[in-house]
Structures are given as C-alpha cells and as structure tokens.
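Residue numbers begin at 1 in each chain, while the letters A, B, ... track the order of the sequences. We use all heavy atoms of the structure for the numbers below, so side chains are in, but hydrogens, waters and symmetry mates are not.
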Amino acid sequence: MAGSTKTARGAMVVLLWYRKGLRVHDSPALAAACEGATAVCPVFCLDPWFVSSGKVGPIRLRFLAEALADLDASLRARGSRLLVLHGKPEEELPRVAREWGATHIVWEKDGVEPYGLKRDAAVREACAPLGVTITETNGHTICDLDELLKQSKGSPVTTYSTFRTHFDHVVARSPIVLTPTPERIPAPSDAALAEEARGRLSVPSVADIAPSLADAGPSLFPGGEGEALRRLDAHLARDGGAWAGAFEKPKTSPTEIDPFGAGTRSTTVLSAYLKFGCLSPRTFWVRLRDATKGARTRSAPPVSLDGQLLWREFYYACAHAVGPAFGQMEDNPICRQIGWRVPADDPAAAEALAAWRDGRTGYPWIDACMRQLKSEGWMHHLARHAVACFLTRGDLYVRWEEGAAVFDELLIDADWAVNNGNWMWLSCSCFFYQYFRCYSPVAFGRKYDPDGAYVRKYVPELARFPKKYIYEPWRAPIADQNKAGCRVGVDYPKPIVQHDVASKENMGKLAEAYKAHKESHADSGGEHGSEGKGKGTGKGKGAPSKAARGKAPAAPPPDAKSRASKKRTRHSESDDDDDED
DNA sequence: CATTGGTTGTAGCA
DNA sequence: TGCTACAACCAATG
Ligand SMILES: Cc1cc2nc3c(=O)[nH]c(=O)nc-3n(C[C@H](O)[C@H](O)[C@H](O)COP(=O)(O)OP(=O)(O)OC[C@H]3O[C@@H](n4cnc5c(N)ncnc54)[C@H](O)[C@@H]3O)c2cc1C
C-alpha cells in the first residue's frame with residue numbers, strides 16, 4: 001500500500017473484500033490491507049445470485065456459513081471482525097465504500113470463473129466514480145495465474161508435463177513464500193461500526209442460509225481455517241510424515257465408509273477448504289514439503305500429494321487461459337466437439353440424466369456414489385471418475401456440461417475450473433483421449449470393496465443382498481431378492497442402460513467424432529485432409545495388429561454439431577483483469 | 001515421420 | 001496377484 005493516495009485528513013480506510021480466501025493465514029490480501037491503514041473493514045457480500053438462487057446446494061452453503069463464522073472469530077482475535085453485506089456486490093461495495101469513507105479496496109484475485117470475472121468488473125465500474133484505489137493480490141493459487149499465462153504466451157496448456165515446466169519456471173522467478181499473519185488488524189472505521197451496531201452486518205448462521213440443514217447435526221467437515229489447518233496437520237503427521245510422502249493417488253480407495261477417519265485409505269478431503277480459501281495452497285505446499293523431508297519413500301507428481309496441488313494449479317491456469325468458454329463445449333478451443341445427447345432436446349436423455357442425478361440408475365455402485373454426493377457433498381476422486389464416465393462416454397452419452405452443473409450444485413468443493421476441467425478429462429473431450437479405457441459400473445466398485453459395504457451404506461434398500469449380487473442385483477434369483485426384502489424393478493430400479501452394449505456403441509461414436517476432428521483439423525485447404533490412415537496402429541510393443549481395420553463400427557447420425565471448430569486460442573489481450581498490483 | 005509416455009480400465013487366463 | 005489382449009487415443013519429442 002505504500003505510496004497510496006490519502007484523503008484530506010490523511011486517513012487510510014481500507015475495505016478488505018473477502019470472496020474466497022476465507023482465512024487470515026498466508027493472506028496477501030489481508031497483509032496488503034493492513035499496511036499503512038488507519039482502519040480496515042473486512043467485508044463479505046452475500047450475493048443472492050448464489051445464496052438463494054438454488055445454484056448452490058445446502059451443504060456448500062452450510063460450509064460457507066461455518067467458514068464465515070470461523071473467519072469472524074479469527075479476525076476478532078486480532079482486534080477486528082467480519083462485516084457481512086447482503087445484496088449485489090456491485091451495489092453494496094460502492095455503498096459501503098462511500099458511507100464508510102473508504103479510500104482503498106483490496107481483494108484477492110478471483111477472476112477465472114465467469115461469475116467472479118463479471119462481478120469484479122461490475123464492482124470496478126460501480127466504484128470508479130468514487131475514486132477509491134483498488135488493489136488485487138494473488139492468494140488462491142500457488143502461482144499468480146497471470147505469471148503462468150505469460151509463461152505459456154497466452155495459450156492454454158493441456159498437458160501436465162508441459163505445465164510442470166512452466167510452473168517450475170514461474171516458481172524459480174518468484175519463490176513460494178508465506179505471508180505472515182498480522183497479530184493486530186486495525187479496527188473498522190467508525191461509520192462501519194455504527195452500521196454494525198444497527199445489527200445490519202451480522203454473520204449468517206447455518207439456519208440463515210442453509211435452513212434445511214439447521215437441525216442436521218454436526219457437519220462431516222466444518223468450514224473454516226481452524227478446521228482446515230488442523231486437518232492438514234493431522235494428515236501430515238500420519239506415520240510421522242510417511243503417509244504423505246508415499247501418497248499415490250491412483251492407489252487410494254473410493255469406497256471408504258469413513259473417508260475422514262483415522263487410518264483411512266481415502267484422500268485428505270481438504271478440497272472444500274482449498275476451494276473457499278480456508279486453506280492456502282501455499283501453506284499446504286510448504287508444510288507438506290517440510291513434513292516429508294525425511295520420508296523414506298517419496299512419491300512424485302503426478303501421483304504424489306504435491307502433485308494433486310499441481311493438478312489444481314493446472315486446471316486453474318488452463319481455465320484462465322481459455323476464459324469463460326472453458327465451462328462448455330461450444331466455442332471452447334480446447335474441447336473436442338462431440339455429438340452428445342442434450343437433455344433439453346431429448347426426453348430420453350433428460351430422463352437418463354435425472355436418474356443419474358437422483359441415484360436411481362439401477363447400478364448400485366453408481367447410485368451409491370451419487371447418493372453420497374447428494375447427502376454429504378463429497379466423493380472420492382475415483383468415484384467422480386466412475387459417475388462422470390457413466391453419464392458421458394461410458395453409458396448415457398449425455399453431454400458433460402450437464403454433469404458438471406449437477407456437481408456444481410451439489411459438491412461441497414465445487415470449483416469452476418477444476419470441475420469443468422475434470423469433466424472434459426473424463427468425457428475424453430480434452431486432456432485425456434483413451435476412450436477405450438472405460439470404467440465398468442459393476443467391476444470398478446467391486447475391485448475396491450468386494451463386500452459392498454459402501455453400497456450398503458448409501459443404498460440401504462440393497463443392504464441385505466448377498467455379496468454375490470450386491471453390484472448387480474438384477475441378476476439375483478427372485479428368491480434371493482425376496483429374502484433381501486428388495487425386488488428389483490419394484491423396490492430398486494432395473495438398470496436403465498445395458499453397459500456392455502452402450503459402452504461399445506459409445507466408443508464407436510467417440511471414434512467417429514475424433515475422426516471428424518482430425519479431418520477438420522488437417523484442413524489446410526486441402527479439403528480431403530491427410531487421410532493417411534496407413535497403419536496408424538503403431539503404439540506400444542510394436543506388435544502389429546491384424547487387419548482389424550475392416551469397417552467402422554456402427555455409424556449412427558454422425559455428430560450433428562461439428563460447426564464450431566474454431567482454433568485460435570489466445571485470450572491475452574481482451575480481458576486481463578490485473579491492475580495496480 | 002516414428003516413437004514415447006500418458007495419474008487412476010476390463011476381461012480372461014495363468 | 002500378475003500378465004496380456006483389447007483396439008488402435010493424443011501431444012510432445014527428435
Ligand atoms: C468429474 C470430476 C469433477 C471434479 N470436480 C471437482 C471440483 O468441483 N472441485 C474440486 O476441488 N475437485 C474436483 N475434482 C477433483 C478431485 O476429485 C477432488 O479435488 C478430490 O477428490 C478432492 O478430495 P481430496 O481433497 O481428498 O483430494 P486429495 O487427493 O487429498 O488432493 C489434495 C487437493 O489437491 C487438489 N486436487 C486433487 N485432485 C485434483 C484433480 N483431479 N484436479 C484438480 N485438483 C485436484 C484438490 O484441491 C485437493 O483437495 C473433480 C474430479 C472429477 C473427476
């Protein structure tokens with residue numbers, strides 16, 4: 001804040017606008033706000049756009065309420081407090097800036113997702129006449145995303161290894177340093193305190209913003225940085241750091257009954273804390289590094305725990321480079337154009353989507369995952385793989401944006417860049433293209449949990465099925481169904497799709513779509529592009545396959561919407577939202 | 001060009 | 001529990 005403008009009286013009243021970054025540890029925004037300030041007014045704005053629109057499910061809203069209460073406590077311990085505004089940011093921010101005499105506004109960058117991008121532009125515009133100085137800081141990601149964007153010359157990076165070299169360059173340039181937590185924070189201005197005294201700025205309770213959960217009992221993972229840091233440290237202390245050091249993501253299990261318990265084979269479940277910024281990714285990074293220094297066996301990215309943080313960074317950087325189209329297939333330069341079924345135009349697809357969402361596909365493993373999502377807001381990464389594959393390329397062939405929208409509502413950790421990126425991955429739309437590797441809605445869960453304890457927990461009507469049929473109850477003889485007290489087709493649905501048939505058919509469609517992509521891509525005016533089909537086989541071992549090339553598998557209506565296939569990508573000049581910083 | 005590597009597949013068989 | 005065939009992807013690298 002050095003060299004900032006001052007008011008006539010020389011007072012420096014700073015509005016510290018919290019959006020994500022709900023913490024006081026390692027907070028560049030908080031540090032920037034405090035520097036030289038005579039008053040700091042920490043605000044959070046409850047925007048009806050996400051509070052009461054139905055876009056955000058109750059579990060995530062509850063987490064937010066808990067996180068705000070915790071942040072308020074952290075601020076109070078340092079002589080401050082959280083002031084909560086109710087209304088549209090582009091109305092509330094300029095209002096309080098004016099009424100409270102703010103000379104500066106500070107916030108942490110949150111300009112990747114379309115909501116944040118538009119919101120911040122609107123607030124800037126609304127505040128422009130006030131002449132306040134607006135400062136943006138990094139904080140939500142390890143690197144400043146604009147630095148990563150520079151490193152890639154404005155292009156999206158779609159491979160992890162390339163991303164890693166860029167990341168290493170940026171970190172070499174600006175090392176990962178933690179920002180100290182201020183011991184005291186200047187109190188809010190008198191005008192702000194006066195408004196607070198009128199009872200207008202109180203921190204919302206769970207009952208206020210997630211009324212359906214008001215009496216739901218304790219949360220599985222309560223929001224807030226206190227909880228975040230406790231959980232982080234507990235994970236890092238497991239086996240003296242050996243657990244964290246040897247972490248290998250693909251070897252963790254999606255079927256743990258208590259993924260938050262001691263000795264779990266699950267993952268850290270820190271995602272919601274990172275999403276809201278209750279936990280700084282840099283703090284995670286640094287403490288992880290320290291905790292695993294002496295570890296006997298150390299895994300490495302992409303499977304290691306620091307590798308997981310890099311995946312997050314990877315998707316953020318890519319989404320930042322692509323812009324708002326990252327959340328959709330159309331006009332998205334990195335996304336394969338595929339003729340998915342669209343529920344709005346296709347009643348059968350709409351019904352399939354609804355069954356998937358409600359956890360009544362007739363596949364117990366899929367339904368258990370979806371019911372865990374609905375009831376708890378979190379699923380293991382591999383469970384997300386299973387249900388995302390099932391909805392899109394594996395079985396239902398519904399477009400991935402529909403699944404992403406459901407996740408965006410129901411996940412406690414829903415995070416625009418990460419969510420859409422992973423949906424593109426699973427649907428083979430970008431990043432990952434081996435569509436012939438397909439998850440089985442029967443075999444995959446069984447591999448981890450042969451007894452079906454996870455299914456029995458989340459799909460209780462199946463609880464009494466014998467182990468043999470727990471993943472495919474429709475195959476149980478009627479006598480077994482009666483004995484289990486659950487008749488398939490009556491008490492639990494029959495499968496809505498036949499996996500072996502559908503998955504093969506879908507692979508054919510993916511192959512078609514890829515072919516169309518390649519042709520439209522090898523254009524260069526040559527019209528009949530390359531066509532060098534030759535023995536495109538090659539691949540591992542050099543074992544030449546037989547002449548399986550016979551005929552293309554089923555050729556249903558070739559993907560209708562091949563229209564948009566724009567290629568250019570840049571995005572550098574148009575909207576870069578960094579200012580004085 | 002050809003080759004290599006890519007977080008996390010499955011079924012069938014030893 | 002470990003191996004291979006399956007069918008045949010892509011981006012990066014040289
Ligand atoms: C279809 C699909 C949608 C997803 N949507 C989201 C989402 O909305 N929000 C979200 O945070 N994660 C999402 N993920 C990624 C991943 O599943 C979760 O981050 C992870 O399961 C959270 O559990 P954890 O904190 O125990 O992870 P850990 O394995 O303990 O990893 C630690 C942290 O690394 C980050 N991370 C881990 N895996 C990934 C990944 N694949 N991509 C990006 N970051 C990762 C997360 O911040 C996570 O908290 C999605 C994955 C899929 C397949």
Is there a Watson-Crick or G-U wobble partner for [N] with both distances under 3.5 Å, and if so, which one is it?
N       : result
dT13(C) : dA2(B)
dT7(B)  : none
dA7(C)  : none

Please tell me if Thr159(A) has a side-chain N or O lying less than 4.0 Å from either OP1 or OP2 of dA11(C). no
From CA spacing to verdict: salt bridge (charged side-chain N to carboxylate O under 4.0 Å, His left out), Glu461(A), Arg456(A): CA-CA 8 Å; Glu461(A) 62 266 43; Arg456(A) 294 174 206 278; over 6 Å; no
Scan Arg336(A) against the nucleic acid and name what it touches under 4.0 Å (heavy atoms): base, sugar-phosphate only, or nothing. sugar-phosphate
Give one of base, sugar-phosphate or nothing for Gln308(A), where a contact means two heavy atoms less than 4.0 Å apart. base
Rounding to a whole Å, what distance do you find between [X]:[atom1] and [N]:[atom2]?
X         : N       : atom1 : atom2 : result
Tyr433(A) : dA11(C) : OH    : C1'   : 7 Å
Gln434(A) : dT4(B)  : CD    : P     : 16 Å
Ile338(A) : dC10(C) : CD1   : P     : 11 Å
Ile334(A) : dA11(C) : CD1   : P     : 11 Å
Glu505(A) : dA7(C)  : CD    : P     : 17 Å
Tyr435(A) : dA7(C)  : OH    : P     : 11 Å
Leu510(A) : dA8(C)  : CG    : P     : 11 Å
Phe247(A) : dT7(B)  : CZ    : P     : 15 Å

Please give the distance between the P atoms of dT4(C) and dT7(B) as a whole number of Å. 22 Å
P spacing across the pair dT4(B) / dA7(C), given as an integer number of angstrom: 23 Å
Along nucleotides 8-14 of chain B, 5' to 3', which nucleotides get a B, which get an S, and which get a -, given that the test is a protein heavy-atom distance under 4.0 Å? BBSS---
Between Arg231(A) and Tyr273(A), is NZ or CZ placed under 6.0 angstrom from the six-membered ring centre and within 45° of the ring axis? no
Aromatic Trp243(A) / basic Arg238(A) pairing, under 6.0 angstrom, 45° off normal: yes
Please check: side-chain N/O of Asp367(A) versus main-chain N/O of Thr361(A), any donor-acceptor pairing under 3.5 Å? yes
Using only heavy-atom distances, determine whether the side chains of Thr162(A) and Thr159(A) contain a donor-acceptor pair under 3.5 Å. yes
Salt-bridge contact Glu330(A)-Arg336(A) (side-chain N to carboxylate O under 4.0 Å): no
Lys/Arg-Asp/Glu bridge criterion (N-O < 4.0 Å) met for Arg60(A), Asp413(A): no
